Amino acid sequence: MTQPANTIPRAYDAGAVEERIYQDWWDSGYFVPRANPSRTPFCIVMPPPNVTGELHLGHALTASLQDALTRWHRMCGDPTLWLPGKDHAGIATQWVVERALAEEGTNRHDLGREAFEERVWQWVDLYGNTIDAQHRRLGASCDWSRLRFTLDQGPARAVRTTFVNLFEKGLIYRHERIINWCPRCATALSDLEVDYEERDGKLYYIRYPLANNPDDFVTVATTRPESMLGDTGVAVHPDDERYQGKVGQMVMLPIVGREIPVVGDTAIEMEFGTGALKVTPGHDVVDFEIGERHGLPIVNVIGFDGCMTDAAGPRYSGMERFATRSAVADELEQLGLLERVEDYHHSVGQCQRCSEVVEPLISLQWFLNVGTHTKPDSIAGRAHAAVVNGDIEIVPERFGRVYLNWLENIRDWCVSRQLWWGHRIPVWYCGDCGAFAAHVDDPDACASCGSPNIEQENDVLDTWFSSGLWPHSTLGWPDDASDDLDHFYPNSVLETGYDILFFWVARMIMLGIENTGDVPFRSVYLHGMVLDAEGQKMSKTRGNTLDPLDLLAQYGTDALRFALTTGTAPGNNLRLSTDKLESARNFANKIWNAARFVITAVEGRDDLAGWSDPITPQHREDRWIIGRLDALTVAVNERLAEFELGEAQQRLYDFIWNDFCDWYIEMAKVRLRSGDATAAATLVHVLERSLRLLHPFMPFVTEEIWQNLVARVPAPASGLPPSIMIAEYPQADSMRAAPDAESEMDVVMQTIRAVRNMRAQFRIPAGQKLEAAIETNGMQSVVEQESEAISVLARVEPLTVLHAAESENPAGVSLVVNPLVVRLPLTGIVDLDVESQRLGKELDDVRRNEARVQQLLANDNFVSKARPEVVEKERDRLQGLSEQRQRIEEIMAQLSA
RNA sequence: GGGCGGUUAGCUCAGAUGGUUAGAGCGUCUGCUUUACACGCAGAAGGCCGGGGGUUCGAGUCCCUCACCGCCCA
């Protein structure tokens with residue numbers, strides 16, 4: 001691990017260190033929360049991935065963010081728990097296994113329920129640990145000893161307890177109602193599990209003759225003519241003049257020959273089609289509601305298998321629904337009742353899992369009565385209030401409005417699924433007395449009549465019912481004596497993608513409050529979707545997915561994590577490109593090499609004592625970099641507290657690359673060469689603190705460097721922890737702010753930049769030293785003390801420091817870096833005319849600026865209304881500008897003399 | 001139909017409570033084996049912050065409006 005400095009590889013090799021480091025962390029028990037009564041516990045539960053899933057970039061993103069937050073809190077000393085878990089993912093997993101069965105030429109019905117469930121468990125045993133291993137490769141510092149599965153005994157008990165409580169309150173009920181049905185999956189779906197897709201279709205205009213006057217008719221428009229077999233009414237808007245006198249009359253339903261009423265309903269859009277809507281309460285949600293309002297009967301013409309039922313009449317009974325569509329259209333055509341057919345683009349609901357067109361139909365299902373947001377005691381009402389009154393903070397804020405909007409339109413949740421994989425609904429029916437009841441523990445006999453002839457409900461619960469309990473079911477609820485529940489509930493943060501705000505986040509809030517009386521978490525942090533370089537959603541069918549494991553291998557884990565979480569704001573989608581990955585990898589390598597330099601430079605020195613806390617450095621450069629470090633420390637902690645991880649990382653990147661590497665290290669080299677030992681301790685200090693600050697985002701490279709570094713420097717009296725991941729997260733020391741060093745170094749750096757600029761402009765080779773003289777104008781000691789740095793970094797030699805009164809021959813170039821004037825002779829390269837022109841242009845710029853600031857300060861409104869410090873800043877600026885102008889004017893006067 | 005985003009450098013994106021001359025990465029151009037790093041160093045070019053209106057001493061930032069792109073819900 002610790003090798004001689006000169007054998008540290010020139011490039012950071014992520015693959016060579018990551019596995020070993022992760023193993024060390026885990027073996028050392030760092031992922032398990034450490035008690036600390038004086039600190040607030042921090043807890044995140046991992047959104048449980050599908051148990052048979054494979055890690056994709058969405059997981060990589062969510063894990064990177066959660067791990068960063070977790071590591072930050074852990075380093076801050078908070079008892080920290082990141083609890084991992086997996087979801088049985090009912091319909092998704094069942095679908096995968098059924099597909100495998102289909103390839104073997106069999107199906108679940110041939111197998112039977114028990115054998116099928118066993119088959120799924122085998123599948124879980126085979127693939128269920130894949131994603132855990134993949135999370136470990138990402139560096140996820142979650143406590144694997146607390147790993148939970150939604151079907152584990154604890155969470156299962158939580159599911160049953162919740163169900164029984166709600167059942168006994170009468171909030172879970174069984175009812176026959178119109179629901180979304182997937183004929184292929186043969187199960188009910190919740191509203192959320194239906195995706196709508198725009199498709200090309202037809203709009204059929206069908207004539208329904210009046211019962212008492214077959215010459216007159218009402219024309220209805222529909223995209224689904226097959227459903228007309230189940231029509232039980234026609235609805236028009238009561239104000240629609242075209243249908244005055246029709247409301248209350250009966251029309252004759254073609255083909256079927258049923259008389260159905262024309263009703264008036266204000267929900268009808270007069271502009272759509274003919275303004276007359278055929279009402280099929282059995283197969284359309286809107287129609288179902290219209291039917292309820294007008295007492296229309298329900299006729300089910302489409303069955304669970306997607307074929308027509310006997311109620312569709314002998315001709316169509318048993319026919320597949322889409323075949324029926326064209327057959328019905330043909331028959332209507334023959335009857336002369338098909339007025340016309342138009343092309344029509346409309347959205348069609350399809351099963352989220354298998355893409356089959358969803359059929360709304362009436363079915364006996366279990367529902368959770370969530371109430372409405374206006375009822376403060378209802379489930380929806382309390383979930384609404386929690387966000388309105390700030391018990392839960394949603395980041396970014398705009399998603400709070402989306403959440404509330406959804407709750408304000410919520411309907412009862414259909415929680416039963418006709419699947420075999422999942423939590424079987426804990427209700428038992430009595431074969432003798434017909435009673436049924438919900439039980440936490442399997443009963444032996446009917447609770448009403450005592451008969452042993454009881455049978456459990458066949459349906460299972462919606463997967464989201466169990467994941468909705470996740471923040472408390474994983475911590476031991478409903479066990480009252482659970483320490484974890486006491487410590488870590490409510491969770492601190494729930495971090496997930498905005499795409500499951502309704503599915504999951506809202507359900508957790510509803511069920512968490514219901515079960516515990518408290519919110520499940522204080523904050524919700526929502527991230528965006530990972531898109532490809534073209535901004536397209538990644539999907540297997542599109543073939544544009546990137547495998548995070550490939551990227552890990554190619555760029556390193558830290559680079560992938562950094563690329564995924566930098567340069568993006570909370571809740572915004574992110575395009576991932578190789579550019580970003582390369583840039584992040586280069587950054588890891590940059591730190592690696594900076595560390596390589598520092599380690600080489602300080603190795604074997606005996607003057608490093610106190611490096612860990614150089615509270616009052618003496619040297620200007622040290623005071624400057626430490627002031628910058630402290631400003632960074634404040635900023636990073638603040639940004640993290642606001643969940644602005646991208647900003648925090650941007651600051652770290654800028655500081656490490658620009659301030660530390662490009663300036664401080666380069667200047668420190670000068671001092672080290674000339675025997676000034678004081679730079680060494682600061683180098684170590686700043687590097688070490690930067691590593692700590694960066695560790696939550698780039699855990700591996702920082703650990704590897706840290707180990708290498710601390711092995712070679714004297715340990716502070718207070719000692720050092722064995723790993724950076726349990727080192728203290730830096731907090732700023734306000735005593736170290738150094739505004740004078742900041743402004744002085746600013747002048748020094750500007751001077752160096754100005755000379756470099758001239759060198760580039762006049763093509764002076766890097767190897768060629770330039771003679772220079774600096775008029776110090778009040779900054780004599782600064783220039784003298786920094787003269788070596790200026791000389792080396794700007795490549796000027798000899799460098800003459802002129803006293804304020806001395807004036808130099810203005811031949812050559814004069815650079816005005818207020819208050820300094822740098823004279824570069826540049827004989828033979830720059831003549832008088834060129835220099836006059838250059839200075840003239842500079843003078844114009846300065847004058848323009850000066851005039852603008854003057855104008856601003858002449859504005860009484862500004863001076864009286866702007867904050868005093870803003871006005872003061874402008875005054876300072878004006879002074880600087882006019883000094884600069886005068887200096888340029890003087891030089892120009894000398895030139896023309 | 002309702003709601004929410006986005007529109008900033010050639011490309012991809014950051015820009016907290018309004019306050020200098022708006023930033024980064026990549027790309028482009030000029031130089032450079034300067035003994036940590038070419039996954040690098042130095043320098044440079046490139047922006048009426050989508051259009052219009054308003055509030056304000058002051059607007060990329062707040063308000064209104066229009067246009068285009070995208071997402072969610074019905």
Side-chain angles (χ1 to χ4, degrees), chain A residues 5 8-12 191-192 196 269 271-272 285-286 347 396 398-399 401-402 404-406 408-409 498-499 501-502 528-529 531 533-535 537 555-556 559 563 566-569 571-580 582-601 635 638-639 642 644 646-647 649-651 653-654 657-658 661-662 665-666 669 673 752-753 755-761 763-767 792-795 845 848-849 852-853 855-867 869-871 873-874 876-878 880-881:
Chain A
I8 299 176
R10 287 165 71 89
Y12 171 58
D191 294 341
L192 286 175
Y196 291 86
E269 275 183 62
E271 293 74 26
F272 179 80
V285 177
V286 175
S347 78
R398 64 175 185 273
F399 285 107
R401 293 192 289 275
V402 177
L404 294 176
N405 194 272
W406 182 75
E408 284 157 17
N409 296 291
Y498 65 71
D499 55 331
L501 176 60
F502 306 142
M529 304 295 112
L531 310 175
E534 273 72 52
K537 206 170 168 182
Y555 299 98
T566 309
T568 176
N572 285 3
N573 292 344
L574 159 102
R575 296 191 192 193
L576 187 65
S577 60
T578 50
D579 280 356
K580 249 179 214 152
E582 278 174 15
S583 158
R585 177 204 58 191
N586 294 354
F587 180 48
N589 193 56
K590 185 73 180 177
I591 309 154
W592 180 258
N593 273 290
R596 216 155 64 91
F597 169 77
V598 172
I599 288 170
T600 315
E638 276 178 4
R639 296 302 90 206
E642 301 292 324
E644 289 170 4
E647 270 295 297
Q649 288 175 98
Q650 190 63 51
R651 305 271 184 132
Y653 183 99
D654 291 343
W657 202 305
N658 301 327
C661 291
D662 289 348
I665 286 185
E666 292 309 316
K669 283 178 184 171
R673 270 180 220 143
I752 293 165
R753 276 201 201 97
V755 175
R756 285 171 170 173
N757 189 322
M758 279 303 117
R759 297 184 64 108
Q761 208 166 315
R763 310 280 153 100
I764 297 159
V792 173
L793 297 188
R795 305 190 151 261
D845 287 349
R848 221 183 356 259
N849 266 317
R852 221 197 38 244
V853 180
Q855 209 176 1
L856 186 61
L857 285 166
N859 183 339
D860 286 343
N861 270 322
F862 172 72
V863 177
S864 59
K865 290 184 182 172
R867 287 200 310 271
E869 62 267 29
V870 174
V871 178
K873 222 157 89 178
E874 294 298 328
D876 289 350
R877 193 149 72 96
L878 181 60
L881 284 166

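Small disclaimer: the values here were computed from a predicted structure and weren't measured. For the numbers below, each heavy atom of this structure counts, side chains included, while hydrogens, waters and symmetry mates do not. All chains are named by letter (A, B, ...) in the order of the sequence lines, taking the proteins before the strands, and each is independently numbered beginning at 1.
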Mind checking if Arg759(A) touches a base, just sugar-phosphate, or nothing, with heavy atoms under 4.0 Å? nothing

Got a minute to check which stems RNA chain B is part of, using Watson-Crick or G-U wobble pairs under 3.5 Å, three or more consecutive? B:1-7 with B:67-73, B:10-13 with B:23-26, B:28-32 with B:40-44, B:50-54 with B:62-66

Using side-chain heavy atoms (C-beta onward) and a distance below 4.5 Å, is Arg10(A) in contact with Trp592(A)? no

Restricting both atoms to N or O, compile the protein contacts to nucleotides 23-26 of chain B shorter than 3.5 Å, with distance only.
residue, atom, partner, partner atom, Å
A24(B), O2', Gln650(A), NE2, 3.3
G25(B), O2', Ser583(A), OG, 3.4
C26(B), O2', Asp579(A), OD1, 3.4
C26(B), O2', Asp579(A), OD2, 2.7

Applying side-chain hydrogen bond (donor to acceptor under 3.5 Å, both in side chains), can you list everything that pairs with Arg756(A), at least two apart in sequence or on another chain? none

Taking any heavy-atom pair under 4.0 Å as a contact, classify Arg877(A): base, sugar-phosphate, or nothing. base

Taking only Lys NZ, Arg NE, NH1 and NH2, and the carboxylate oxygens of Asp or Glu, determine whether Asp845(A) and Arg848(A) approach each other closer than 4.0 Å. yes

To the nearest angstrom, how far is Gln855(A) atom CD from G58(B) atom P? 12 Å

With respect to the side chain of Trp657(A), which nucleotide from A36(B), A16(B), C41(B) is positioned closest? C41(B)

Glu647(A), nearest nucleotide to its side chain (from A16(B), A14(B), C39(B)): A14(B)

Nearest to the side chain of Arg10(A) - U20(B), C72(B), C37(B)? C37(B)

Inter-nucleotide P distance (U65(B), G3(B)), Å rounded: 12 Å

Where do N or O atoms of nucleotides 44-49 of chain B meet protein N or O atoms at under 3.5 Å, pair by pair?
residue, atom, partner, partner atom, Å
A44(B), OP1, Asn757(A), ND2, 2.9

Gap in Å between the two C1' atoms, one belonging to A16(B) and one to U34(B), rounded: 40 Å

Among residues at least two apart in sequence or on other chains, which ones pass side-chain contact (heavy atoms from CB on, under 4.5 Å) with Ala584(A)? Ala559(A), Phe562(A), Ala563(A)

For Val871(A) and Val863(A), the nearest pair of non-hydrogen atoms, with its separation, is CG2-O, 4.0 Å

For atom C1', what is the distance between U56(B) and U61(B), given to the nearest Å? 13 Å

Using a heavy-atom cut-off of 4.0 Å across all strands, would you classify Asp860(A) as base, sugar-phosphate, or nothing? nothing

Whole angstrom value for the distance that separates C1' of G58(B) from CG of Leu856(A): 8 Å

Provide, to the nearest angstrom, the distance between the CG atom belonging to Asn409(A) and the P atom belonging to C73(B). 12 Å

Are any protein N/O atoms closer than 3.5 Å to N/O atoms in nucleotides 3-8 of chain B? If there are, list each pair with its distance.
residue, atom, partner, partner atom, Å
G5(B), OP1, Arg401(A), NH2, 2.8

Lys873(A) side chain, from C-beta outward: closest of G15(B), U20(B), A36(B): U20(B)

Interatomic distance at P, A22(B) relative to A67(B), whole Å: 31 Å

Applying side-chain hydrogen bond (donor to acceptor under 3.5 Å, both in side chains), name anything that partners Asn572(A), two or more places apart in sequence or on another chain. Arg398(A)

Please determine whether any donor N or O and acceptor N or O are separated by less than 3.5 Å between the side chain of Arg575(A) and the base of U12(B). no

Of all residues at least two apart in sequence or in a different chain, which pass the salt bridge (Lys or Arg N to Asp or Glu O under 4.0 Å) check with Asp654(A)? none

If I take atom CG in residue Asn593(A) and atom P in nucleotide C39(B), what distance separates them, rounded to the nearest angstrom? 11 Å

Taking the P atom of each, how far is U35(B) from C41(B), in whole Å? 14 Å

Ring pair (Phe, Tyr, Trp, His ring centres under 6.0 Å) with Tyr653(A): which residues, sequence neighbours excluded? Phe587(A), Trp657(A)

I want to confirm an ordering. Mapping Ile665(A) and Tyr498(A) to their closest nucleotides on RNA chain B, which one lands closer to the 5' end? Ile665(A)

Contacts of type salt bridge (Lys or Arg N to Asp or Glu O under 4.0 Å), residue Arg763(A), not counting sequence neighbours: none

So if I take every side-chain heavy atom of Asn589(A) and compare against U20(B), A36(B), C39(B), which nucleotide ends up nearest? C39(B)

Measuring from the side chain of Lys590(A) (C-beta onward, heavy atoms only), which nucleotide among U20(B), G19(B), C37(B) has the closest atom? C37(B)

Could you measure between the two P atoms, the one in G70(B) and the one in C29(B), and give it in whole Å? 34 Å

N/O-N/O pairs, protein side and nucleotides 29-35 of chain B side, under 3.5 Å:
residue, atom, partner, partner atom, Å
U34(B), O4', Arg795(A), NH2, 3.3

Take atom CG of Leu793(A) and atom P of C41(B), then tell me their distance rounded to the nearest Å. 14 Å

Quantified in whole Å, what is the C1' atom distance between nucleotide C4(B) and nucleotide A45(B)? 39 Å

Looking at residues at least two apart in the chain, or sitting in another chain, which of them share a side-chain contact (heavy atoms from CB on, under 4.5 Å) with Glu638(A)? Val634(A)

Given the C1' atoms of G40(B) and G47(B), what is the spacing between them in whole Å? 29 Å

